[in-house]
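Here is the structure we will look at.
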Amino acid sequence: MDQRFVPLPYTNEIDTKTFLESVSHLPPFFRTYGSEWPKVGATLALMWLIRGLRFIWILLQNLADGERDEDNPNLIRINITKAYDQAPKRYHGWIVQKVFKAALFAAPCRSDFLKALIKDQEVAEEDCLAKIRQFLINFTATVDAIYEMYSAMNAELDYLV
């Protein structure tokens with residue numbers, strides 16, 4: 001959470017170097033995609049990257065909004081599932097979706113996840129969530145701008161992996 005996304009100029013142009021530096025500091029959410037990424041080119045790789053970024057955005061926003069599983073308030077499975085359902089799920093075939101469901105049982109508890117995001121510092125949960133909300137401001141604008149660019153270019157690919 002220390003590495004921030006810079007505010008976008010009014011033109012919504014994204015400086016590639018700054019963007020890639022910001023992305024490189026995100027937690028390793030992309031491991032589940034690792035071996036499944038088709039190696040067809042930069043446009044496809046960026047498309048999968050922004051799908052992963054959208055997953056992260058929805059997950060963090062969901063946590064920041066305070067959504068919890070009433071039966072298991074210290075688990076984040078409900079938050080992860082919501083992010084998955086709204087971001088990469090529609091691009092995954094049946095087998096990958098089943099792998100995701102199985103991997104979900106290895107999800108950390110809420111307190112451990114938040115502690116990992118702030119690099120094991122002793123910070124109150126609300127302070128951590130405030131940092132997440134601050135992080136999401138420019139992160140969200142950046143992800144939205146990339147999605148808009150892909151839409152304008154008609155570059156979205158809908159095949160399943």
Side-chain angles (χ1 to χ4, degrees), residues 1-34 36-37 42 45-92 96 99-151 156:
M1 301 273 86
D2 293 334
Q3 184 66 25
R4 306 256 183 203
F5 283 75
V6 297
L8 294 177
Y10 72 95
T11 59
N12 277 349
E13 294 174 353
I14 299 169
D15 178 74
T16 305
K17 182 178 182 211
T18 305
F19 170 74
L20 292 175
E21 286 174 358
S22 296
V23 169
S24 72
H25 294 282
L26 289 173
F29 286 99
F30 306 111
R31 287 188 183 147
T32 56
Y33 295 122
E36 311 219 12
W37 281 24
L46 180 59
M47 183 183 67
W48 277 102
L49 174 62
I50 63 172
R51 288 174 181 169
L53 293 175
R54 185 171 182 154
F55 171 84
I56 292 169
W57 165 47
I58 295 168
L59 172 61
L60 293 177
Q61 187 65 60
N62 196 264
L63 288 168
D65 290 345
E67 291 192 39
R68 292 180 186 239
D69 182 342
E70 291 180 19
D71 296 329
N72 300 296
N74 197 34
L75 296 181
I76 61 171
R77 290 181 192 150
I78 194 169
N79 309 97
I80 294 170
T81 300
K82 183 176 183 177
Y84 180 74
D85 288 348
Q86 293 180 10
K89 182 179 180 178
R90 71 182 183 140
Y91 306 107
H92 288 166
V96 176
V99 169
F100 170 81
K101 281 191 177 262
L104 192 56
F105 288 100
C109 66
R110 180 184 176 88
S111 57
D112 289 345
F113 183 76
L114 294 176
K115 190 174 182 180
L117 287 178
I118 55 172
K119 299 181 181 175
D120 292 323
Q121 298 172 12
E122 291 299 321
V123 176
E125 181 175 312
E126 191 49 46
D127 292 338
C128 179
L129 294 174
K131 286 184 178 199
I132 290 172
R133 287 182 197 99
Q134 186 64 41
F135 171 82
L136 285 171
I137 294 169
N138 294 329
F139 180 74
T140 301
T142 302
V143 173
D144 284 347
I146 296 170
Y147 265 95
E148 287 175 21
M149 176 190 69
Y150 263 73
S151 283
E156 180 74 22

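At least one side-chain heavy atom of Asp144 sits less than 4.5 Å from a side-chain heavy atom of Trp57. Residues Glu67 and Ile78 have side chains not in contact (no heavy-atom distance under 4.5 Å, counting atoms from C-beta outward). Side-chain atoms of Phe113 and Asn79, non-hydrogen and from C-beta on, never get closer than 4.5 Å to each other.
Judged by distance alone, with hydrogens and angles left aside, the side-chain atoms of Asn62 form no donor-acceptor pair with the main-chain N or O of Ile80 at under 3.5 Å.
Of the inter-residue distances, the one linking Ile137 atom CD1 with Leu8 atom CG reads 12.5 Å to the nearest 0.5 angstrom. Atom CZ in Phe55 sits 10.0 Å away from atom CG in Asp85 (nearest 0.5 Å). Between the CZ atom in Phe135 and the CG atom in Leu117 there is a gap of 9.0 Å [rounded to 0.5 Å]. The distance from atom CG of Leu114 to atom NZ of Lys131, rounded to the nearest 0.5 Å, is 12.0 Å. In this structure, the separation between OH on Tyr147 and CE on Met47 is 9.0 Å, given to the nearest 0.5 Å. The CG atom of Leu53 lies 9.0 Å from the OG1 atom of Thr142; values are rounded to the nearest 0.5 Å.
Here Phe100 pairs with Tyr84 under the ring pair (Phe, Tyr, Trp, His ring centres under 6.0 Å) rule; sequence neighbours left out. Every residue two or more places apart in sequence or in another chain that forms a side-chain hydrogen bond (donor to acceptor under 3.5 Å, both in side chains) with Glu126 is listed here: Arg133.
Between Ala64 and Ile132 the shortest heavy-atom distance is CB-CG2, 4.2 Å. The two residues Ala83 and Ile58 make their nearest non-hydrogen contact at CA-CG2, 3.5 Å. Here the closest heavy-atom approach between residue Ile118 and residue Cys128 is recorded as CG2-SG, 3.6 Å. Listed here is the closest heavy atom pair of Arg68 and Arg110: NH2-NE, 2.9 Å. Closest non-hydrogen pair, Arg51 versus Ala87, comes out as O-CB, 4.0 Å. Scanning all heavy atoms of the two residues, the minimum distance from Met149 to Leu46 falls at CE-CD2, 4.3 Å.
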Exercise for the section: Evaluate the side-chain contact (heavy atoms from CB on, under 4.5 Å) criterion for residues Leu75 and Asp69: first the C-alpha distance (whole Å), next the side-chain angles of each, then the deciding distance (0.1 Å), finally the verdict. Expected result: CA-CA 7 Å; Leu75 296 181; Asp69 182 342; 5.6 Å; no
